[in-house]
Amino acid sequence: MAITYLKRGKSDVERDQDDSRTRTIVETALKDIETHGDIAVREFSHKFDNYVPDSFRLTQEQIDALIAELSTRELDDIRFAQHQIRRFAEAQRASMQDIEVETRPGVILGHKNIPVQSVGCYVPGGKFPMVASAHMSVLTASVAGVPRIVACTPPFRGRPNPAVIAAMHLAGAHELYVLGGIQAIGAMASGTESIRPVDMLVGPGNAFVAEAKRQLYGRVGIDLFAGPTETMVIADDTVDAELCATDLLGQAEHGYNSPAVLVTNSRALAEGTMAEIERLLQILPTAETASASWRDYGEVILCNSHEEMLQVANDIASEHVQVMTDRDDWYLDRMTSYGALFLGPRTNVANGDKVIGTNHTLPTRKAGRYTGGLWVGKFLKTHTYQRITSDEAAAEIGAYCSRLCLLEGFTGHAEQANIRVRRYGGTDVPYGGAAE
Ligand SMILES: NC(=O)c1ccc[n+]([C@@H]2O[C@H](COP(=O)([O-])OP(=O)(O)OC[C@H]3O[C@@H](n4cnc5c(N)ncnc54)[C@H](O)[C@@H]3O)[C@@H](O)[C@H]2O)c1
Ligand SMILES: [Zn+2]
């Protein structure tokens with residue numbers, strides 16, 4: 001493929017080195033939390049967030065007082081976003097049906113979708129108080145019918161952020177803790193003297209949070225690997241450099257390690273966007289982080305055709321993919337690996353992040369190859385059941401089962417089948433035989 005990199009980000013080797021440092025820090029901290037419980041949690045909260053309240057859990061009075069700090073406008077805006085997110089989550093919930101089918105006469109098979117019984121929702125708040133993340137995990141768990149929803153968020157500038165707490169509360173969280181990073185994730189997974197453990201951890205976070213969830217997977221469930229934000233813009237000359245530059249920097253501001261990638265078939269747009277990014281970085285208030293991300297992880301990839309652009313985009317499997325071309329639906333039909341798509345210049349990733357209704361907790365680091373983002377279905381476990389309603393069916397399935405068990409050498413299993421054939425089929429089936 002004759003693609004040209006007009007700008008390249010850190011190499012895979014450099015990224016792997018960053019990962020291995022994070023892995024070690026997380027492993028040590030999780031062990032400490034598991035062994036020492038609340039004492040370790042308090043120490044880490046002191047060390048990383050300089051925050052050690054009497055209790056990390058907020059009382060109802062504290063929650064009410066924080067919510068009272070918000071203006072009517074702010075509360076209405078939060079409610080508007082939650083209304084959008086709830087509507088879409090409810091429609092998605094309705095798309096998941098319990099089923100029961102008769103696959104042969106007398107053979108009934110079914111499945112039921114059962115909510116996870118307790119979840120821990122992480123709502124990030126180191127750099128920005130991520131109000132929207134509360135809607136995305138807590139509200140979605142609520143729509144799924146999860147009976148115990150725990151929510152953790154770090155202190156922001158030394159105290160609980162009123163808007164985040166309001167969003168968590170309005171979304172339906174049952175227990176709220178002002179606790180961040182590895183200490184929050186570790187406490188929710190292992191449980192401590194003051195926090196009962198949960199069955200599943202969900203929500204986005206920085207590299208430490210995402211890695212902590214990854215290491216705990218198995219012991220608890222997790223939604224997906226949702227680490228530092230990534231964004232990709234796929235554009236041709238139907239759009240201009242200012243729009244592309246704005247969309248790239250908008251997401252690069254998340255942190256110092258947020259990849260932003262432009263994929264285009266227009267050299268003029270590629271060069272124009274790079275120049276425009278330099279101009280915007282002079283005036284964007286969050287330029288400090290955005291410029292670090294752009295310097296270390298920004299990429300501009302020039303392709304010869306839409307087919308090449310499609311292949312590059314599927315290979316990178318970016319978390320957010322904004323498509324602004326003369327054939328947006330062509331990409332919708334053909335993209336196979338990504339977190340979420342944003343089609344056409346009228347919408348954008350910020351809409352998805354904050355308000356439009358699709359979930360913003362999305363796969364990063366190529367996890368889009370094997371999973372989509374957080375949604376109501378992630379909180380539901382699909383469990384099967386079966387029953388046989390006639391003697392004939394019991395004997396028929398039993399005969400097949402008996403032979404198939406012996407094919408694998410399982411005589412005890414075969415006996416489970418044979419006893420049914422004898423009782424319901426009225427035939428005596430010896431080992432290895434079967435009623436016809
Ligand atoms: N993939 C997604 O769906 C998605 C969505 C939204 C946000 N995000 C990402 O979430 C992240 C939020 O990051 P954030 O840092 O602002 O908030 P955060 O809440 O994820 O992390 C803050 C916590 O990190 C811990 N921490 C900070 N430095 C540490 C260190 N050196 N060692 C150990 N722990 C440390 C602290 O305990 C702090 O409470 C961003 O990277 C953003 O891109 C991802
Ligand atoms: Zn974002």
Side-chain angles (χ1 to χ4, degrees), residues 3 80-81 83-92 95 132 135-136 140 204 224 226 229-254 258-266 269-270 272-273 276-277 299-364 366-377:
I3 61 168
F80 178 85
H83 176 72
Q84 290 291 110
I85 289 145
R86 185 180 287 111
R87 277 209 56 188
F88 188 58
E90 284 173 352
Q92 289 186 297
S95 78
H135 324 325
M136 302 302 172
T140 309
L224 59 138
T229 300
E230 307 161 352
T231 206
M232 169 181 283
V233 173
I234 297 178
D236 60 16
D237 56 18
T238 59
V239 286
D240 58 73
E242 186 188 13
L243 199 62
C244 294
T246 304
D247 284 342
L248 290 165
L249 288 183
Q251 296 303 314
E253 81 176 0
H254 268 287
S258 284
V261 179
L262 174 68
V263 180
T264 182
N265 55 0
S266 160
L269 183 69
T273 300
E276 190 65 16
I277 283 177
E299 301 203 322
V300 176
I301 305 174
L302 184 59
C303 300
N304 291 310
S305 64
H306 282 284
E307 280 75 14
E308 271 186 7
M309 288 156 71
L310 176 70
Q311 190 175 335
V312 167
N314 275 327
D315 283 349
I316 293 177
S318 181
E319 180 195 358
H320 304 103
V321 180
Q322 166 110 34
V323 185
M324 299 187 288
T325 64
D326 63 6
R327 62 196 73 185
D328 301 337
D329 284 348
W330 184 88
Y331 281 93
L332 174 62
D333 290 343
R334 289 166 181 75
M335 285 288 294
T336 51
S337 299
Y338 55 92
L341 287 180
F342 303 78
L343 300 169
R346 287 186 186 80
T347 194
N348 67 87
V349 176
N351 279 349
D353 274 355
K354 310 298 176 202
V355 67
I356 208 164
T358 52
N359 207 293
H360 84 191
T361 306
L362 296 166
T364 60
K366 293 186 189 281
R369 288 171 304 147
Y370 58 82
T371 182
L374 182 57
W375 72 294
V376 68

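Quick note: residue numbers are just sequence positions, from 1.
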Does [X] use its side chain to pair, donor to acceptor, with the backbone of [Y] at less than 3.5 Å?
| X | Y | result |
| --- | --- | --- |
| Gln92 | Val376 | no |
| Glu276 | Gly272 | no |
| His320 | Glu230 | yes |
| Ser266 | Leu269 | yes |
| Thr246 | Glu242 | yes |

How long is the gap from [atom1] on [X] to [atom2] on [Y], to the nearest 0.5 Å?
| X | Y | atom1 | atom2 | value |
| --- | --- | --- | --- | --- |
| Cys244 | Leu249 | SG | CG | 11.5 Å |
| Asp328 | Asp333 | CG | CG | 11.0 Å |
| Asp247 | Gln322 | CG | CD | 4.5 Å |
| Arg327 | Asp329 | CZ | CG | 12.0 Å |
| Asp237 | Asp326 | CG | CG | 8.0 Å |

With Tyr331 via ring pair (Phe, Tyr, Trp, His ring centres under 6.0 Å) - residues at least two apart: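 Scan of Tyr331 (ring pair (Phe, Tyr, Trp, His ring centres under 6.0 Å), adjacent residues dropped) gives His306.
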
Sequence neighbours excluded, which residues qualify as ring pair (Phe, Tyr, Trp, His ring centres under 6.0 Å) partners of Tyr338? none

Does a side-chain heavy-atom distance below 4.5 Å link [X] with [Y]?
| X | Y | result |
| --- | --- | --- |
| Thr140 | Asn359 | yes |
| Val300 | Val261 | no |
| Leu248 | Thr273 | yes |
| Met136 | Pro204 | no |
| Asn265 | Asp236 | yes |
| Leu224 | Leu374 | yes |
| Ile234 | Met324 | no |

Could you pull out the closest heavy-atom pair between [X] and [Y], with the gap in Å?
| X | Y | result |
| --- | --- | --- |
| Leu262 | Ala270 | CD2-CA, 4.0 Å |
| Ser318 | Met232 | OG-N, 3.6 Å |
| Gly368 | Pro363 | N-CB, 3.5 Å |

Quick one: side chain to side chain donor-acceptor pair (under 3.5 Å) pairs with a partner in residues 347-356, sequence neighbours left out?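 Only Gln251-Asp353, Thr347-Asn351 qualify under side chain to side chain donor-acceptor pair (under 3.5 Å).
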
Above 12 or not: heavy atoms from other molecules or residues under 6.0 Å from CZ of Arg334?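 Buried by this count: over 12 neighbours within 6.0 Å.
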
Trp330 pairs by side-chain contact (heavy atoms from CB on, under 4.5 Å) with which of Val323, Leu310, Thr325? Leu310

Using the rule side-chain contact (heavy atoms from CB on, under 4.5 Å), only one of Thr231, Thr229, Val349, Thr361 pairs with Glu319; which is it? Thr229

CA sep, side-chain torsions, deciding dist, call: Ile3, Leu302, side chain to side chain contact (heavy atoms under 4.5 Å, CB included): CA-CA 6 Å; Ile3 61 168; Leu302 184 59; over 6 Å; no

Who passes side-chain contact (heavy atoms from CB on, under 4.5 Å) against Ser337, sequence neighbours left out?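 By the side-chain contact (heavy atoms from CB on, under 4.5 Å) rule, Ser337 matches Asn314, Ala317, Arg369.
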
Mind checking side-chain contact (heavy atoms from CB on, under 4.5 Å) for Glu90 and listing every partner two or more places apart, or none if nothing turns up? Arg86, Val143

Tell me, please, which residues at least two apart from Glu299 pass salt bridge (Lys or Arg N to Asp or Glu O under 4.0 Å).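 Glu299 satisfies salt bridge (Lys or Arg N to Asp or Glu O under 4.0 Å) with no residue once adjacent residues are dropped.
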
